[in-house]
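First comes the structure, then the notes that go with it.
These values consider heavy atoms only, across backbone and side chains, with no hydrogens, waters or symmetry-generated copies. Quick caveat, the model's predicted, so the values are computed rather than measured.
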Amino acid sequence: MANKTIDHAITATSLKSAASDPTHAGVLSFMRRRYTKSLKGVDAVVWGIPFDAATSNRPGARFGPQAIRGASAIFDNDPQYPFERDLFADMATIDYGDCLLDYGDHSKTPATIEREAEKILTSGAFLLTLGGDHFVTLPLLRAHAAIHGPLSLVHFDAHQDTWADEKGRIDHGSFVGRAAREGLIDTASSIQLGVRTHAPDDCGIRILYGYDVEEMSAGEIADVILRHVADRPAYLTFDIDCLDPAYAPGTGTPVSGGPSSAKILSVIRKLGALAIKGADVVEVAPAYDHADITAIAASTIAMYMLGLHAEQLAERRG
């Protein structure tokens with residue numbers, strides 16, 4: 001016990017140091033990363049947006065960031081499977097905490113998210129966001145597109161989220177259509193995976209439906225994504241309801257017939273060649289979860305996203 005520490009999220013002296021908290025105790029930041037608002041020397045930022053006022057079915061995703069952080073305690077800083085490395089040995093990573101939102105005035109929410117995301121991105125750090133309902137991706141795309149130009153959206157979801165919408169509305173089912181109309185995404189090189197519902201407009205985005213994903217191997221799915229996006233700057237957004245409710249019951253709009261967490265994690269693992277500029281995991285609603293099944297899946301997906309960035313960062317630095 002002499003070399004053990006606890007509450008690494010607030011006691012850490014280095015942004016690259018490993019934590020030794022017991023998995024059942026200690027302050028619960030994402031993967032025990034240090035809580036700080038300082039962006040100095042930071043390579044990657046994990047940030048929560050506890051917002052669910054745009055949900056069309058069951059609310060509760062405002063508690064998603066807390067649940068994902070809690071589930072991430074299982075990653076106890078051994079070399080992370082399947083990356084075979086301590087993700088943070090050479091990638092200074094922080095937990096930036098949550099976005100402060102005015103729950104009584106949702107009209108301010110989009111600008112607040114965009115402004116804070118812009119601050120993080122202009123520091124040069126990679127941003128991984130924990131939602132929150134899927135509306136939060138729209139202001140995140142605005143902030144990323146302001147730096148990188150139109151992005152190829154790689155969108156894992158049971159829904160297309162392209163429903164018609166009026167300017168100024170806040171709705172988690174229309175953010176993709178809004179992003180397309182605002183020119184935030186390049187629809188010709190964007191792709192949606194796991195879709196199991198119909199919307200009036202596909203916005204010209206390629207779709208691999210639930211039955212496609214069921215019949216294809218993880219390698220085949222990843223190959224379609226890599227060929228379709230090619231070398232364009234990409235943004236990964238993962239709605240946890242992409243997974244079948246058997247693997248992710250804790251979400252607002254579950255749809256049967258989706259893929260397993262194992263299959264989708266295999267797909268994500270194979271996306272290292274994408275020029276990923278930002279990512280998010282959204283729509284975890286822990287009130288409907290059981291035994292943290294959904295939160296564990298979401299935290300693992302988020303860890304894989306950080307793992308891809310750690311590998312890309314190591315490759316760039318030689």
- request: May I ask you to decide whether Asp90 forms a salt bridge with Lys16, counting only side-chain N to carboxylate O separations under 4.0 Å?
  value: no
message: Surrounding CD1 of Ile207 (heavy atoms of other residues, nucleotides or ligands, distance under 6.0 Å), is the total greater than 12?
response: yes
Over all atoms of both residues, closest heavy-atom pair of Ala18 and Asp86: CB-OD2, 4.3 Å
task: State whether the side chain of Arg206 and the backbone N or O of Gln192 hold a donor-acceptor pair below 3.5 Å, judged by distance alone.
output: no
task: State whether the number of non-hydrogen atoms from other residues, nucleotides or ligands found under 6.0 Å of Lys40 atom NZ is greater than 12.
output: no
- prompt: Cut-off 3.5 Å, side chains only: do Asp161 and His159 have a donor facing an acceptor?
  reply: no
task: Would you name the heavy atoms of Ala44 and Ala125 that are closest together and state the gap between them?
output: N-CB, 4.4 Å
query: Okay, side chain of Thr55, backbone of Gly60: is any donor-acceptor separation there less than 3.5 Å?
result: no
- line: Closest non-hydrogen contact found for Pro249 with Ile293 is CD-CG2, 4.0 Å
task: Find out whether Ile301 and Ile240 are in side-chain contact, i.e. whether some heavy atom of one side chain is under 4.5 Å from a heavy atom of the other.
output: yes
message: What's the separation between atom CD1 in Ile74 and atom CE in Met31, rounded to the nearest 0.5 Å?
response: 11.0 Å
- prompt: So do Tyr103 and Leu101 actually touch side chain to side chain, heavy atoms under 4.5 Å?
  reply: no
Results of ring-ring contact (aromatic ring centres under 6.0 Å, His included) for Tyr211 - residues two or more places apart only: Tyr209
- prompt: When you look at Ile94 and Leu39, which way does the side chain to side chain contact (heavy atoms under 4.5 Å, CB included) test go after all the steps?
  reply: CA-CA 8 Å; Ile94 65 168; Leu39 296 165; 4.2 Å; yes
- prompt: Judged by atom type as modelled, is there a donor-acceptor pair below 3.5 Å linking the side chain of Glu118 to the main-chain atoms of Ala143?
  reply: no
- request: Look only at the side chain of Thr251 and the backbone of Pro254, and say whether a donor-acceptor pair between them is shorter than 3.5 Å.
  value: no
field: Glu214, CD: over 12 other non-hydrogen atoms inside 6.0 angstrom
entry: no
- prompt: Got a second to check how far Leu15's CG is from Thr93's OG1, nearest 0.5 Å?
  reply: 8.0 Å
query: When rounded to the nearest 0.5 angstrom, what is the spacing between CZ in Arg178 and CG in Leu141?
result: 11.5 Å
field: Spatial distance of atom CG (Asp241) from atom CG (Asp157) [nearest 0.5 Å]
entry: 5.0 Å
message: With rounding to the nearest 0.5 angstrom, report the CG to CG distance, Asn57 to Asp133.
response: 12.0 Å
message: Donor-acceptor pair, distance only, cut-off 3.5 Å: does the side chain of Glu215 make one with the backbone of Asp212?
response: no
message: Whether Arg317 and Asp43 form a salt bridge (side-chain N of Lys/Arg under 4.0 Å from carboxylate O of Asp/Glu) is what I want to check.
response: yes
- request: For residues Ser299 and Ile296, report the shortest heavy-atom separation together with the two atoms involved.
  value: OG-O, 3.0 Å
- prompt: Going by an N to O cut-off under 4.0 Å, is there a salt bridge joining Asp95 and Arg33?
  reply: no
- request: Could you tell me which residues satisfy salt bridge (charged side-chain N to carboxylate O under 4.0 Å, His left out) with Arg269, sequence neighbours excluded, listed by chain and number?
  value: Glu311
field: Joint hydrophobic cluster, Val282 plus Leu265, side-chain heavy atoms closer than 4.5 Å
entry: no
statement: Here the pair of heavy atoms bringing Pro150 nearest to Arg232 is O-NH2, 3.0 Å
query: Looking only at atom types and distance, does a side-chain atom of Asp7 sit under 3.5 Å from a main-chain N or O of Val27, one as donor and one as acceptor?
result: yes
message: Is the shortest side-chain heavy-atom distance between Leu130 and Ile49 below 4.5 Å?
response: no
query: Do Phe156 and Phe238 have ring centroids that are under 6.0 Å from one another?
result: yes
query: Okay, side chain of Thr162, backbone of Asp201: is any donor-acceptor separation there less than 3.5 Å?
result: yes
- request: Applying side chain to side chain contact (heavy atoms under 4.5 Å, CB included), run through Met303 and Gln80 and close with a yes or a no.
  value: CA-CA 9 Å; Met303 183 271 284; Gln80 292 304 322; 3.9 Å; yes
message: Given His8, which partner from the list Ser17, Ser20, Ser29 fulfils the side-chain hydrogen bond (donor to acceptor under 3.5 Å, both in side chains) test?
response: Ser17
query: Taking Arg196 for the side chain and Gly194 for the main chain, is one N or O donor matched with an acceptor at less than 3.5 Å?
result: yes
- prompt: Do Lys263 and Ser260 pass the side chain to side chain contact (heavy atoms under 4.5 Å, CB included) test, and can you show the C-alpha distance, the side-chain angles, and the key distance before you say yes or no?
  reply: CA-CA 5 Å; Lys263 186 168 191 176; Ser260 71; 3.5 Å; yes
Sidechain-backbone polar pair: Arg227 side chain, Ala222 backbone, donor-acceptor under 3.5 Å: no
message: Same cluster or not: Val229 versus Ile205, using hydrophobic residues (I, L, V, M, F, W, Y) connected whenever any side-chain heavy atoms lie under 4.5 Å apart?
response: no
- prompt: Is there a side-chain contact between Thr36 and Tyr96 (heavy atoms, below 4.5 Å)?
  reply: no
- prompt: Going by heavy atoms in the side chains, are Asp98 and Trp47 under 4.5 Å from each other?
  reply: no
message: Side chains of His155 and Cys242, heavy atoms from C-beta outward: is any pair under 4.5 Å?
response: no
statement: Distance col, row Phe126:CZ vs Met305:CE, nearest 0.5 angstrom, shows 8.0 Å
- line: Those residues at least two apart in sequence (or on a different chain) that pass ring-ring contact (aromatic ring centres under 6.0 Å, His included) with Tyr304 are Phe83
Thr197 side chain vs Ala158 backbone, donor-acceptor pair below 3.5 Å: yes
query: Do you reckon Val284 sits in the same ILVMFWY cluster as Leu306, going by side-chain contacts under 4.5 Å, direct or chained?
result: yes
- prompt: Are any non-hydrogen side-chain atoms of His106 and Phe135 less than 4.5 angstrom apart?
  reply: no
query: Taking side chain as C-beta onward, heavy atoms only, is Val176 less than 4.5 Å from Leu138?
result: no
- request: For side chain to side chain contact (heavy atoms under 4.5 Å, CB included), just list the numbers for Thr112 and Cys99, CA-CA rounded to whole Å, side-chain angles, deciding distance to a tenth of an Å, and then say yes or no.
  value: CA-CA 8 Å; Thr112 301; Cys99 184; 3.9 Å; yes
- request: Compare every heavy atom of Ala73 with every heavy atom of Leu28, then report the nearest pair and how far apart it is.
  value: CD2-CB, 3.8 Å
Sequence-distant partners of Asp244, side chain to side chain donor-acceptor pair (under 3.5 Å), two or more places apart: none
- request: Flag yes if more than 12 heavy atoms outside Phe75 fall under 6.0 Å of its CZ atom; otherwise flag no.
  value: yes
Qualifying side chain to side chain donor-acceptor pair (under 3.5 Å) pairs with a residue from residues 283-294, counting only residues at least two apart or across chains: His172-Glu283, Asp289-Thr294
message: When you compare the side chains of Ser152 and Ser189, does any donor N or O come within less than 3.5 Å of an acceptor on the partner?
response: yes
Donor-acceptor contacts under 3.5 Å from residues 270-281 side chains, at least two apart:
{"residue": "Asp280", "atom": "OD1", "partner": "Thr237", "partner atom": "OG1", "Å": "2.6"}
{"residue": "Asp280", "atom": "OD2", "partner": "Thr137", "partner atom": "OG1", "Å": "3.0"}
{"residue": "Asp280", "atom": "OD2", "partner": "Tyr235", "partner atom": "OH", "Å": "2.7"}
{"residue": "Asp280", "atom": "OD2", "partner": "Thr237", "partner atom": "OG1", "Å": "3.4"}

